[in-house]
Amino acid sequence: MFGSPRRHFPVCASTQTLARDWARDPDDPAPHGALVTADFQSAGRGRRGRFWEARSGEAALMSFVLRPAFPSTRFRFLGFAAALAVADALSPFGLAARLKWPNDVLLDGKKAAGLLVEASPKFVIVGIGVNVNQTEFTGAFLTPPTSLKRELGRSVPVDDVVTAVADALEKRQQDNWTAISDGWRTRLAVGATVRRGNENGALVGLNDDGSARVRLAGAGTFADWASVEAQGEAD
Ligand code: BTN
């Protein structure tokens, strides 16, 4: 069952690091589907070297250990599967999420969840942060943030979100790429601003190889952006 065994920490630096250490523990290695959660991270990591910040107890902070049966060259597709799983998980709350390449989850055009996929040859750590009960956000954002509470107008138990995401990820990580990419296209945040390096563009489509079809800002020309930056290193 995904999300079990689970280790929960009131405070930690980053659930990504704890999940990685658990996966590498020779005496008690984390199995496929194991989960590390926290109420608060003092050094939460986002993509592109950014910090991921949330006040204690307001966000669902999760790092799943996956040990896929398929070759590591295909691990990057897990980021797409996980983002789709988050969208699936939010649906029963009455929320219609959209997906922004490579792995952001949007509600009403604003970012409600982000994912960080870190791979090693033997395992993958899928880090997911869902904004659940925040009402205020500080900082500068490429995509303005939101939370479930802001969208629904009511609080949601953080653990309900953790359970829903674990269940949805268990199903989606078994899907093939055709099912994942079809799900993505159904929920694609067409027109959302995407960034690669210093370049900005508008998301137009998702190609069969996982690259994004982008209309470049200013030039009005189109480009295909590969999804390599969706993945970091766990080791
Ligand atoms: C992003 O949008 O930049 C990705 C954010 C990923 C944040 C999650 S929160 C749980 C896990 N632990 C971390 O340090 N990062 C991920």
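If you're wondering where the values come from, they're calculated on a predicted model, not measured in any experiment. Atom set for the values below is all heavy atoms of this structure, side chains included, hydrogens, waters and symmetry mates excluded.
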Is the backbone N or O of [Y] less than 3.5 Å from a side-chain atom of [X], with the two atoms forming a donor-acceptor pair by type?
X      : Y      : result
Asn176 : Thr178 : yes
Ser63  : Gln16  : yes
Arg98  : Val190 : no
Lys100 : Thr193 : yes
Gln134 : Val132 : yes
Ser91  : Ala87  : no
Asn103 : Leu116 : no

Original post:
Do Thr17 and Arg45 get their side chains close enough for a donor-acceptor pair, meaning under 3.5 Å?
Top reply: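 Yes, a side-chain donor-acceptor pair sits under 3.5 Å.
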
Subject >> Thr37: partners by side-chain hydrogen bond (donor to acceptor under 3.5 Å, both in side chains), with sequence neighbours left out >> reply: Arg6, His8

**OP:** Sequence neighbours left out, what passes side-chain hydrogen bond (donor to acceptor under 3.5 Å, both in side chains) with Arg185? Give chain and number order.
**Re:**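 Here the qualifying residues are Asp208.
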
**OP:** Kindly give the heavy-atom pair with the smallest separation between Cys12 and Ala38, and that separation in Å.
**Re:** SG-CB, 3.7 Å

Original post:
What is the minimum heavy-atom distance between Pro29 and Pro26, and which atoms define it?
Top reply: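 Smallest heavy-atom distance, with atoms named: CD-O, 4.0 Å.
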
Original post:
In this structure, are over 12 heavy atoms from other groups packed under 6.0 Å from Arg55 atom CZ?
Top reply: no

Original post:
Is it the case that more than 12 heavy atoms not belonging to Arg150 sit under 6.0 Å from its CZ atom?
Top reply: yes

Original post:
Do Asp28 and Arg7 sit within salt-bridge range, that is, some charged N less than 4.0 Å from a carboxylate O?
Top reply: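 Result for this pair is yes, salt bridge flagged.
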
Original post:
Thinking salt bridges, do Lys149 and Glu58 make one under a 4.0 Å N-O criterion?
Top reply: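 Judged by the 4.0 Å cut-off on N to carboxylate O distance, Lys149 and Glu58 do not form a salt bridge.
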
Side chains of [X] and [Y]: closer than 4.5 Å at any heavy-atom pair?
X      : Y      : value
Val165 : Phe64  : yes
Val105 : Leu115 : yes
Glu151 : Lys110 : yes
Ile125 : Val65  : yes
Leu35  : Met62  : yes
Gln41  : Phe9   : no
Leu78  : Phe70  : yes

Original post:
Parallel under 30°, tilted from 30 to 60°, perpendicular over 60°: which one fits the rings of Trp101 and Trp225?
Top reply: tilted

Subject >> Aromatic plane relationship, Phe137 with Phe141 - under 30° parallel, 30 to 60° tilted, over 60° perpendicular >> reply: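 Phe141 vs Phe137 ring planes: perpendicular.
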
Cluster link [X] to [Y], ILVMFWY, side chain under 4.5 Å:
X     : Y      : answer
Trp22 : Val162 : no
Val86 : Phe93  : yes
Leu18 : Leu169 : no

Original post:
Out of Thr135, Leu148, Asn133, which residue meets the side chain to side chain contact (heavy atoms under 4.5 Å, CB included) rule with Ser155?
Top reply: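 For Ser155, the side chain to side chain contact (heavy atoms under 4.5 Å, CB included) check succeeds only for Asn133.
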
Original post:
Would you say the ring centroid of Phe2 lies under 6.0 angstrom from that of His32?
Top reply: yes

Original post:
Step by step, would you call Val117 with Phe75 a side-chain contact (heavy atoms from CB on, under 4.5 Å)?
Top reply: CA-CA 9 Å; Val117 178; Phe75 282 4; over 6 Å; no

